[in-house]
2 protein chains.
Amino acid sequence: MSLASERVKPGASGKPTLYKRIRLDIETRILTGEWPPGHRIPFEHQLMARYRCSRMTVNKALSELAQADLIERRRRAGSFVRRPQHLSAVLKIADMRAEITALGRSYGYQLIDCRRRTATAADRARLGVSTAGKVIAIACRHSADNVPFAVEDRLIDLSTVPEAATADFAREPPGSWLLHHVPWTEAEHTISAVVADDRTAKALGIAVGAPCLVIDRYTWRSARTVTAVRLHYPGETHRLVARFKGG
Amino acid sequence: MSLASERVKPGASGKPTLYKRIRLDIETRILTGEWPPGHRIPFEHQLMARYRCSRMTVNKALSELAQADLIERRRRAGSFVRRPQHLSAVLKIADMRAEITALGRSYGYQLIDCRRRTATAADRARLGVSTAGKVIAIACRHSADNVPFAVEDRLIDLSTVPEAATADFAREPPGSWLLHHVPWTEAEHTISAVVADDRTAKALGIAVGAPCLVIDRYTWRSARTVTAVRLHYPGETHRLVARFKGG
DNA sequence: TTGACTTATATGTCTAGACATATAATCGTG
DNA sequence: CACGATTATATGTCTAGACATATAAGTCAA
């Protein structure tokens, strides 16, 4: 048996691949606190020696850890364990139709109100713009198996998305239309809880005072506001669920 | 000028690097709908030809897109645009103390109740285990600047984390202790909205019937349940915010 | 037609180099 | 001592190969 055979070979003995093992090793040390925030991770060339592999392999492991925000990489200085992030939510932008049909339920859509107007002061504040261009204000409802699923209250900035003026939002939900016509570069989500007011309760078919989950989403395309949307979900029945892996 | 100079060089003209450009190109086509869900992305060797680069470069771009769940890669078959994910939330596991101090507020912690017992049927159901081992049940409160921030109701499976029996949860919040002593491999979050019941209202110092944001978190370590925790936040004042980039 | 075997192929991982680039550390100078 | 120039170094990206592996597709026999 040659000396080289001591090296961990890919796929050897059913184990995960080498770069995954390196990643998991480091991740474990971080999550157990053995390497606390601020700790400098061994340099790539040190990890090369420790795992007897090439730099690209340790680089792949470290890059993925950096992508996951577990470590921070600084040229010339090295890689450092980051402070744990705040409790933060990341909600993927998705189409309500896709969301509902993926649950195996039939999708329904009703346009409640759609009007085009010059942005009011309130509109400008909500969109975070200072100039008074045209906007479209939309109120609509999404339902699953003919039961109200969410009500949507949306503002679209026509100066960013002029094509939206020609879209038929009676036929197509604005979320779907935007997702298919406007690439977004940045988004912000805020999740909160409220109790249903009269109008929301009526639209969702729930009691006034019942809990609602509220999601506010702002979307930008290269520093220009695209749209601001507020979604009300009935809190008793709707849940946001996410499962994810740490390895 | 040589033929090779036609190739996009790293750092040329202040542009992003090549693999990032490839990633952005593909991402844009997906997000605009030009490549709909199910569409097969050009094979790596085709992208090599199109961008005149090595396979490792396109592989890095595609790997990152796969990590972001935008595409799915299947051996021998190719890479495919994934259906948009459901509206799903990813909440990073973080320490409540870190979360509050990061907001520039002082952290406070009060243990309300802590008892060790053999798992009841309800405990087993909540933890998703079938055997009746020992558990620790904890109720506590986190506050920011002496104002209640969240109440926590937690169950720890002692058969997975026997060391927890010796921890002093009157001194250290169980979330912090676990984060520093137990590496997790998987987690699941559920966000919902409820109205405060009597006990919750009293602990949070809000009115009965006021909206609350509820986060349920389950944590596993390699197929064994570690802990189940339910957090109640006052919905009027607390918000989960996340900002993220699409490029 | 169906099931078992074979083959072709796209992705998954890895190597041993290379040059680019940001920046911490050092050195010199006013 | 303060500040600007230089240097060393760790990361960032890339190449042109290699072999491993899962699997779609084709082949052949029962």
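A, B, ... follow the sequence lines: proteins, then strands. Residue 1 opens every chain. Every heavy atom of this structure was used, including side-chain atoms; hydrogens, water molecules and symmetry mates were not.
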Inset, instruction - Specify the separation, in whole Å, of atom OH of A:Y51 and atom P of C:dT15. - result: 14 Å
Inset, instruction - Ignoring backbone atoms, establish whether B:S54 has a side-chain N or O less than 4.0 Å from OP1 or OP2 of D:dG17. - result: no
Legend entry - From C:dT13, D:dT13, C:dC14, nucleotide with atom closest to A:M56 side chain: D:dT13
Inset, instruction - Look at the side-chain N and O atoms of B:K20 and state whether any lies under 4.0 Å from the OP1 or OP2 oxygen of D:dT13. - result: yes
Inset, instruction - For B:H45 and D:dG17, give me the distance from atom NE2 to atom P, rounded to whole Å. - result: 17 Å
Inset, instruction - Report the distance from atom CD of A:E44 to atom C1' of D:dT13, rounded to the nearest whole Å. - result: 11 Å
Inset, instruction - Would you kindly check if the NZ (Lys) or CZ (Arg) of B:R73 is within the cone defined by 45 degrees around the ring axis of B:F80 and under 6.0 Å from the six-membered ring centre? - result: no
If you restrict it to nitrogen or oxygen atoms, what contacts under 3.5 Å exist between nucleotides 22-25 of chain D and the protein, and what is each distance?
{"from": "D:dA22", "atom 1": "O4'", "to": "B:R75", "atom 2": "NH1", "distance (Å)": "3.2"}
{"from": "D:dA24", "atom 1": "N3", "to": "B:R76", "atom 2": "NH1", "distance (Å)": "2.8"}

Legend entry - From A:H45 atom NE2 to A:M48 atom CE, the distance as rounded to the nearest 0.5 Å: 9.0 Å
Legend entry - Atom pair distance, as rounded to whole Å: CZ in A:F43 and P in C:dT23: 16 Å
Inset, instruction - Taking only the side-chain heavy atoms of B:T17 (C-beta and beyond), determine which of D:dG12, D:dC14, C:dG12 contains the nearest atom. - result: D:dC14
Inset, instruction - Send over the distance from B:R55 CZ to C:dC14 P, rounded to a whole Å. - result: 13 Å
Legend entry - A:T225 side-chain N/O to A:L127 backbone N/O, donor-acceptor pair under 3.5 Å: yes
Legend entry - Rounded distance in Å - CZ (A:R52) to P (C:dC14): 16 Å
Legend entry - Nucleotide C:dT21, atom C1' - distance to CG of B:L18 in whole Å: 17 Å
Legend entry - B:F149 and B:Y233 aromatic ring geometry - parallel, tilted or perpendicular at 30°/60° bounds: perpendicular
Legend entry - Interface residues of residues 57-65 of chain B with DNA chain D (non-hydrogen, below 4.0 angstrom): B:T57, B:K60
Inset, instruction - For the pair A:E72 and A:R82, find out whether any cationic side-chain nitrogen is under 4.0 Å from an anionic carboxylate oxygen. - result: no
Inset, instruction - Could you tell me the separation between the CD1 atom of A:I41 and the P atom of D:dT11, rounded to a whole number of Å? - result: 10 Å
Inset, instruction - Check whether more than 12 heavy atoms from other residues, nucleotides or ligands sit under 6.0 Å from atom CG of B:D168, and answer yes or no. - result: yes
Inset, instruction - Please check if the side chain of A:S176 supplies one atom and the backbone of A:E172 the other of a donor-acceptor pair under 3.5 Å. - result: no
Legend entry - Sidechain-backbone polar pair: A:D157 side chain, A:T227 backbone, donor-acceptor under 3.5 Å: no
Inset, instruction - For the residue pair A:F169 and A:W177, categorise the inter-ring angle as parallel (less than 30°), tilted (30 to 60°) or perpendicular (more than 60°). - result: perpendicular
